[in-house]
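Remarks on the structure that follows.
Every heavy atom of this structure was used, including side-chain atoms; hydrogens, water molecules and symmetry mates were not.
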Amino acid sequence: MSDTAVSRTIQGMEAPTQGTWEFDPAHSSLTIIARHMVVTKVRGTLGGLTGQIQIAEKPEDSWVEVTVDPSTVDTRNETRDNHLRSPDFLHVEKFPEIKFRSTKIELLGGPGLRVTGDLTIRGVTRPLVLNGEFLGVAKNPWGKNVAAFTATGEIEREEFGMTWNQALETGGWLVSKKFQIEIDVEATQKADEQAS
């Protein structure tokens with residue numbers, strides 16, 4: 001995606017224009033990937049992904065904040081989903097939100113960037129590093145400026161109090177202790193900041 005009206009070039013890299021960019025929940029997603037019985041990957045998506053990216057004049061001064069509704073977890077298995085919502089894992093009745101707030105953004109050359117921040121799950125806050133990529137900017141069919149990003153990371157679930165597991169007779173654990181994170185974001189620039 002590319003449009004000179006909604007982007008700029010900084011150190012040879014395309015970047016969104018300065019301002020506030022708000023997540024489009026219909027086109028943004030968070031996927032969690034866990035290992036089941038050591039070998040199989042199980043993917044779960046979480047909806048209700050909202051947030052905003054504040055793009056500064058210098059990209060490294062920008063920041064992002066994200067809120068996720070953990071009750072929306074969907075692994076295409078109702079029994080498993082209900083277990084994930086329970087106190088063994090996300091404990092959604094007591095902790096209805098997952099939050100992330102960046103503390104540092106580093107440019108890695110080209111479209112690559114590293115986002116460091118604080119992730120809060122079940123009331124526990126731990127640092128998280130995301131390896132991100134800026135995918136570009138465009139105007140959508142309704143004339144709104146849109147920017148796209150993707151990011152990946154990894155968490156140790158036990159650090160957030162999600163310690164439930166079962167040992168396997170052959171060794172290892174039923175559910176991996178590490179979860180992979182994949183984030184895809186489409187963000188729309190606030191209407192009063194749109195370039196004409």
Indicate yes or no: at least one non-hydrogen side-chain atom of Val66 is less than 4.5 angstrom from one of Leu49. yes
From Ile33 CD1 over to Arg43 CZ, what is the distance, rounded to the nearest 0.5 angstrom? 3.5 Å
Would Leu108 end up clustered with Val185 when hydrophobic side chains under 4.5 Å apart are linked, directly or stepwise? no
Taking all atoms of both residues into account, what is the closest heavy-atom pair of Asp88 and Arg122, and its distance? C-NH1, 4.1 Å
The reported gap from CD1 in Ile105 to NZ in Lys58 (rounded to nearest 0.5 angstrom) is 13.0 Å
Grab the two heavy atoms, one from Phe134 and one from Ala148, that are nearest each other, plus how far apart they are. CD1-O, 3.5 Å
Close side-chain approach of Glu60 to Glu106, heavy-atom, < 4.5 Å: no
Are any non-hydrogen side-chain atoms of Arg101 and Trp63 less than 4.5 angstrom apart? yes
With a 3.5 Å cut-off and no angle check, do the side chains of Thr188 and Lys144 form a donor-acceptor pair? no
What one should report as the nearest heavy-atom pair of Glu156 and Phe160 is O-CD1, 3.6 Å
Taking the side chain as everything from C-beta on, heavy atoms only, tell me whether Ile155 gets closer than 4.5 Å to Leu128. yes
Heavy-atom pair with the smallest gap, counting every atom of Leu46 and Pro70: CD2-CA, 3.7 Å
Could you tell me whether a side-chain N or O of Ser62 sits under 3.5 Å from a main-chain N or O of Ala56, the two making a donor and an acceptor? yes
With the side chain counted from C-beta on, respond yes when Val64 and Phe149 share a heavy-atom pair under 4.5 Å apart, and no when they do not. no
Looking at CG of Asp184 and OG1 of Thr31, how far apart are the two atoms once the value is rounded to the nearest 0.5 Å? 7.0 Å
Could you pull out the closest heavy-atom pair between Trp21 and Ile55, with the gap in Å? CD1-CG1, 3.5 Å
Can you name the nearest heavy-atom pair linking Ala151 to Leu130, along with the distance? CB-CB, 4.2 Å
From Thr152 OG1 over to Glu133 CD, what is the distance, rounded to the nearest 0.5 angstrom? 10.0 Å
Scan side-chain atoms only and decide if Asp74 and Thr45 contain a donor-acceptor pair under the 3.5 Å cut-off. no
Any chance you could measure Ile121, atom CD1, to Lys99, atom NZ, to the nearest 0.5 Å? 13.0 Å
Taking the side chain from Arg85 and the backbone from Val73, do they hold a donor-acceptor pair closer than 3.5 Å? yes
Of Gln54, Lys190, Gln189, the one forming a side-chain hydrogen bond (donor to acceptor under 3.5 Å, both in side chains) with Thr20 is Gln54
For side chain to side chain contact (heavy atoms under 4.5 Å, CB included), just list the numbers for Val115 and Phe100, CA-CA rounded to whole Å, side-chain angles, deciding distance to a tenth of an Å, and then say yes or no. CA-CA 11 Å; Val115 181; Phe100 176 79; 4.1 Å; yes
What distance do Glu159 atom CD and Arg126 atom CZ have between them, rounded to the nearest 0.5 Å? 6.0 Å
Taking Thr150 for its side chain and Ile183 for its backbone only, find out whether a donor-acceptor pair lies under 3.5 Å. yes
side-chain hydrogen bond (donor to acceptor under 3.5 Å, both in side chains) between Glu154 and Gln180, intermediate numbers included: CA-CA 5 Å; Glu154 180 180 88; Gln180 307 298 317; 2.6 Å; yes
Ignoring hydrogens and geometry, is there a side-chain-to-backbone donor-acceptor pair from Ser28 to Glu186 under 3.5 Å? yes
Do Asp81 side-chain atoms and Thr75 backbone N/O form a donor-acceptor pair below 3.5 Å? yes
Ser102 side chain to Thr116 backbone, donor-acceptor under 3.5 Å: no
Would you say Leu107 and Pro59 make side-chain contact, with heavy atoms under 4.5 Å? yes
Could you check whether any side-chain N or O of Arg157 sits under 3.5 Å from a backbone N or O of Met162, counting only pairs where one atom can act as donor and the other as acceptor? yes
Side chain to side chain, Leu30 and Glu182, heavy atoms closer than 4.5 Å: no
Taking Ile32 as the starting point, is it possible to reach Val68 by hopping between hydrophobic residues whose side chains are less than 4.5 Å apart? yes
Run Leu119 and Ile98 through side chain to side chain contact (heavy atoms under 4.5 Å, CB included) and show every step you take. CA-CA 8 Å; Leu119 176 66; Ile98 295 172; 3.9 Å; yes
